[in-house]
2 protein chains.
Amino acid sequence: MYRIGELADLCEVKADTLRFYEKHGLLTPSSRTDSGYRVYTETDAARLRFILRAKAVGFTLNEISELLSIDLDKSNWVCADVKGMVDVKLAQVQAKIAELNHFQASLQSLSDACCGGPRSAEHCSILEALESSTDSVRTEHDHELHLHPFQEPTDHFNDLGKAAHEKSGN
Amino acid sequence: MYRIGELADLCEVKADTLRFYEKHGLLTPSSRTDSGYRVYTETDAARLRFILRAKAVGFTLNEISELLSIDLDKSNWVCADVKGMVDVKLAQVQAKIAELNHFQASLQSLSDACCGGPRSAEHCSILEALESSTDSVRTEHDHELHLHPFQEPTDHFNDLGKAAHEKSGN
DNA sequence: ATAAACCTTGGAGCCCACTCCAAGGTCAAG
DNA sequence: CTTGACCTTGGAGTGGGCTCCAAGGTTTAT
């Protein structure tokens, strides 16, 4: 049994964060004291750790909400469902890495081209590159990320943890 | 001379985006028609292209706002200032890449460990990994990004394009 | 003269994950 | 019995970048 501050300290998050997770349906304390203080059980703590681990691999809270409801209802889901979520996320992460690699390469070539000295920026090659297109700075916005979440377009719920998408034929 | 829609089409952005940039002080049309329509000159178009190129290398609009004001006042800045911004951004991008690489590795090992088949998720290794810590899923939040912008702590202006930090001794 | 295609404004909404605040209630130690 | 550390709530703010809306005015082509 933990009070909010205790659980927060234990898991190295802020109490505010736990209230935030509760507001969004991710983690509700099992009970309250008579005076209204939140009381978390060991099970609640385990759920929090699940959330934090899922965050640590890159899932958003929406996705974690879905993972949690799958976890509570395992028998109605198959490995392919879970692996599918991981693979979608993996693809998103890889797409983002690719984008950042572009940024990195461009920034590096800008940096390399600049003397970096104490002379007036009037002929700074970085500013010149931004003023008119060069190899290092291409606007081509092809490699844009179009992350398409797991959700179907229908679901614009903004309370995260809601019944998480009953499997359609179920 | 372009109307908003024309410039938008030319640069493949939306008119809304140009109004947004204006609202935040990044790009103000040189004039208006009698009836109030925005009129952009070729110089405005060049400024927009500068913005889009800076975006393409990963700068945020706040940073671009700073770059723009440097660009308009080059003689009061030196290469080191400009290169400094690029290098800070480069470091931020690299930090983010490192974080995403962690995500990628974790996700990959989760994915690899899961059969992905049509059997019940009751013994899914992904869920098990999230339920209790494993090699693939470590919570250690050391590699957190603490991006510290160029700005000094003093400046919490939320109108982006404001006289951009007169160099202190100036 | 009228319809279609443009433009104007202010403001709201979205995604993401907190973070902080104020005004007040609770609880254990001294 | 007071102090201080804790807890409660609702709501606003942050950074980032749009995107969309409604209710109206303007221009252009037919």
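In the text below, chain A, chain B and the rest are named by the order of the sequence lines, each starting its count at 1. Bear in mind the structure is a predicted one, so any value in this text is a computation, not a measurement.
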Between [N] atom [atom2] and [X] atom [atom1], what is the distance in whole Å?
| X | N | atom1 | atom2 | result |
| --- | --- | --- | --- | --- |
| A:Glu22 | C:dC18 | CD | P | 15 Å |
| A:Leu18 | D:dT9 | CG | C1' | 16 Å |
| A:Glu12 | C:dT19 | CD | P | 14 Å |
| B:Leu61 | D:dT19 | CG | P | 11 Å |
| B:Arg3 | D:dG25 | CZ | C1' | 14 Å |
| B:Glu66 | D:dG15 | CD | P | 14 Å |
| A:Leu7 | D:dC6 | CG | C1' | 15 Å |
| B:Lys55 | D:dG15 | NZ | P | 18 Å |

Hey, what do you get for [atom1] ([X]) to [atom2] ([Y]), rounding to the nearest 0.5 Å?
| X | Y | atom1 | atom2 | result |
| --- | --- | --- | --- | --- |
| A:Gln92 | A:Asp87 | CD | CG | 11.5 Å |
| A:Ser106 | A:Asn101 | OG | CG | 10.5 Å |
| B:Leu67 | B:Leu26 | CG | CG | 10.5 Å |

Taking [Y]'s backbone N and O only, do any of them form a donor-acceptor pair with [X]'s side chain (distance below 3.5 Å, no angle check)?
| X | Y | value |
| --- | --- | --- |
| B:Ser125 | B:Ala113 | yes |
| A:Lys74 | B:Ala121 | no |
| A:Asn76 | A:Asp73 | no |

Hey, are A:Thr41 and A:Asp44 close enough side-chain-wise for a donor-acceptor pair under 3.5 Å?
yes
Nearest of [options] to any side-chain atom of [X]?
| X | options | answer |
| --- | --- | --- |
| B:Lys23 | D:dG17, C:dT19, C:dA12 | C:dA12 |
| B:Lys14 | D:dT19, C:dT19, D:dT8 | D:dT19 |
| B:Tyr21 | C:dC16, D:dC18, C:dC18 | D:dC18 |
| B:Thr60 | D:dC20, D:dG17, C:dC16 | D:dG17 |

Check whether any side-chain nitrogen or oxygen of B:Asn62 sits under 4.0 Å from OP1 or OP2 of D:dG15, and answer yes or no.
no
Assign B:Arg19 to base, sugar-phosphate, or nothing according to its heavy-atom contacts below 4.0 angstrom with the strands shown.
base
Sorted by number, residues from residues 28-36 of chain B placing a heavy atom under 4.0 Å from DNA chain C are B:Arg32, B:Gly36
Among residues 37-53 of chain A, which ones have heavy-atom contacts with DNA chain C below 4.0 Å?
A:Tyr37
Chi angles and distances behind the side chain to side chain donor-acceptor pair (under 3.5 Å) call for A:Asp112, A:Gln108
CA-CA 6 Å; A:Asp112 290 349; A:Gln108 190 69 63; 3.2 Å; yes
Please examine the side chains of A:Glu22 and A:Thr28, heavy atoms only from C-beta on, and report whether any two atoms are closer than 4.5 Å.
yes
By nearest-nucleotide position on DNA chain D, the 5'-leaning member of B:Thr17 and A:Gly5 is A:Gly5
Can you list, pair by pair, the side-chain donor-acceptor contacts under 3.5 Å of residues 48-60 of chain A, counting residues two or more places apart and other chains?
{"residue": "A:Arg49", "atom": "NH2", "partner": "A:Glu42", "partner atom": "OE2", "Å": "3.2"}
{"residue": "A:Arg53", "atom": "NH1", "partner": "B:Leu130", "partner atom": "O", "Å": "2.7"}
{"residue": "A:Arg53", "atom": "NH1", "partner": "B:Glu131", "partner atom": "O", "Å": "2.8"}
{"residue": "A:Thr60", "atom": "OG1", "partner": "A:Glu63", "partner atom": "N", "Å": "3.2"}
{"residue": "A:Thr60", "atom": "OG1", "partner": "A:Glu63", "partner atom": "OE1", "Å": "3.4"}

